[in-house]
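Inspection log for the structure reproduced underneath, given as structure tokens.
For reference, positions follow the sequence shown, starting with 1.
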Amino acid sequence: MTIKRILSSFMREVLAEAERNPEFAHKLEDALNLSKVTSPKEKIGELGRPAMGGVGPRRAANRRAEAVLDPVQVARTGEEHLRHMLSPLSLTQLLDIVAEFGMDTGKLVMKWKDPERVIDRIVEIAMARSQKGDAFRGTSELTTHKAEQTSHNEDSDNQASVLDNSKNTE
């Protein structure tokens with residue numbers, strides 16, 4: 001006989017006995033800790049911590065704090081506004097934003113020590129995410145969004161043309 005057949009036969013006998021004998025079924029439930037925990041809500045212990053495999057209100061001790069702002073929402077109001085909102089934050093708060101919004105796919109940003117570098121990365125990703133899905137937005141939303149982009153691009157073009165003119169006059 002193979003181990004699979006032996007275990008199958010054994011489990012059938014255990015199940016049959018549990019159905020015939022309520023006392024045996026109760027002892028089996030106690031041995032398997034089935035009588036004590038019947039639902040996920042009951043898995044949460046007295047201290048608010050979940051039992052093994054349970055879902056609870058507390059975060060693991062090694063988890064970062066929650067982000068202080070949503071960079072994608074702020075990016076929809078403009079890049080400058082986003083930079084203004086990020087500049088007073090500490091490096092730890094910036095890294096919390098990176099961690100919570102999944103902005104470190106290459107596992108490099110969390111090692112950076114320069115807040116300006118982290119801010120640049122947050123702005124880059126948040127702006128890209130805020131513009132994602134423009135093809136599906138309504139025309140009024142899209143027109144407003146495009147007007148903001150156009151004014152930003154015109155400013156960049158004006159700066160570039162000033163640089164080109166200064167090079168040509170030299």
Side-chain angles (χ1 to χ4, degrees), residues 3-4 7 32-34 36-168 170:
I3 190 76
K4 184 176 180 181
L7 289 176
L32 297 174
N33 286 328
L34 296 176
K36 295 176 185 168
V37 176
T38 58
S39 72
K41 289 182 181 178
E42 292 177 9
K43 289 182 183 180
I44 297 176
E46 294 171 7
L47 300 175
R49 283 191 230 159
M52 286 181 57
V55 178
R58 294 186 54 182
R59 295 182 113 181
N62 62 346
R63 296 279 306 243
R64 298 195 68 89
E66 289 187 28
V68 294
L69 62 88
D70 181 351
V72 178
Q73 290 296 332
V74 178
R76 290 188 175 123
T77 62
E79 181 177 341
E80 294 305 315
H81 183 64
L82 177 59
R83 285 187 183 279
H84 176 72
M85 296 293 289
L86 292 173
S87 60
L89 300 180
S90 68
L91 178 63
T92 304
Q93 290 172 319
L94 293 169
L95 293 177
D96 290 341
I97 291 171
V98 169
E100 185 167 328
F101 292 96
M103 296 180 163
D104 190 17
T105 56
K107 306 291 184 211
L108 294 173
V109 179
M110 298 304 281
K111 298 175 186 175
W112 294 349
K113 302 297 179 201
D114 180 23
E116 286 302 315
R117 191 174 181 195
V118 176
I119 287 173
D120 289 342
R121 181 65 174 170
I122 292 171
V123 168
E124 173 189 345
I125 293 172
M127 292 305 293
R129 289 182 183 175
S130 72
Q131 295 168 1
K132 202 170 217 170
D134 279 350
F136 303 104
R137 289 196 174 94
T139 55
S140 62
E141 288 179 53
L142 191 55
T143 305
T144 307
H145 191 67
K146 293 274 187 197
E148 290 172 3
Q149 285 181 336
T150 304
S151 66
H152 179 71
N153 290 341
E154 286 173 357
D155 292 341
S156 299
D157 291 342
N158 289 340
Q159 290 173 354
S161 64
V162 169
L163 288 175
D164 289 341
N165 289 339
S166 65
K167 288 180 183 177
N168 290 338
E170 292 176 359

Partner of Met85 under side-chain contact (heavy atoms from CB on, under 4.5 Å), chosen from Leu69, Ile119, Thr77: Leu69

query: Any idea which heavy atoms bring Ala126 and Ala75 closest together, and the distance?
result: O-CB, 3.7 Å

statement: In short, Ala67 meets Glu100 closest at the heavy-atom pair N-OE1, 2.6 Å

query: Of all residues at least two apart in sequence or in a different chain, which pass the side-chain hydrogen bond (donor to acceptor under 3.5 Å, both in side chains) check with Arg83?
result: Glu79, Asp120

- prompt: If you round to the nearest 0.5 Å, how far is CG of Leu86 from NE2 of His81?
  reply: 9.5 Å

field: Met127 to Gly78 - nearest heavy-atom pair and separation
entry: SD-C, 4.5 Å

Approximate separation, where rounding is to 0.5 Å, of Leu91 CG and Asp96 CG: 9.5 Å

- request: List in chain and number order the residues that pass side chain to side chain contact (heavy atoms under 4.5 Å, CB included) with Met110, two or more places apart in sequence or in another chain; answer none if no residue qualifies.
  value: Arg64, Leu95, Val98, Ala99, Asp104

- line: All heavy atoms of Pro71 vs all of Met103, minimum pair found to be CG-CE, 3.5 Å

- request: Considering non-hydrogen atoms only, spot the tightest contact between Phe101 and Arg129 and give its length.
  value: O-NH1, 2.6 Å

- prompt: How far apart are the closest heavy atoms of Val74 and Leu82, and which atoms are they?
  reply: CG1-CA, 3.6 Å

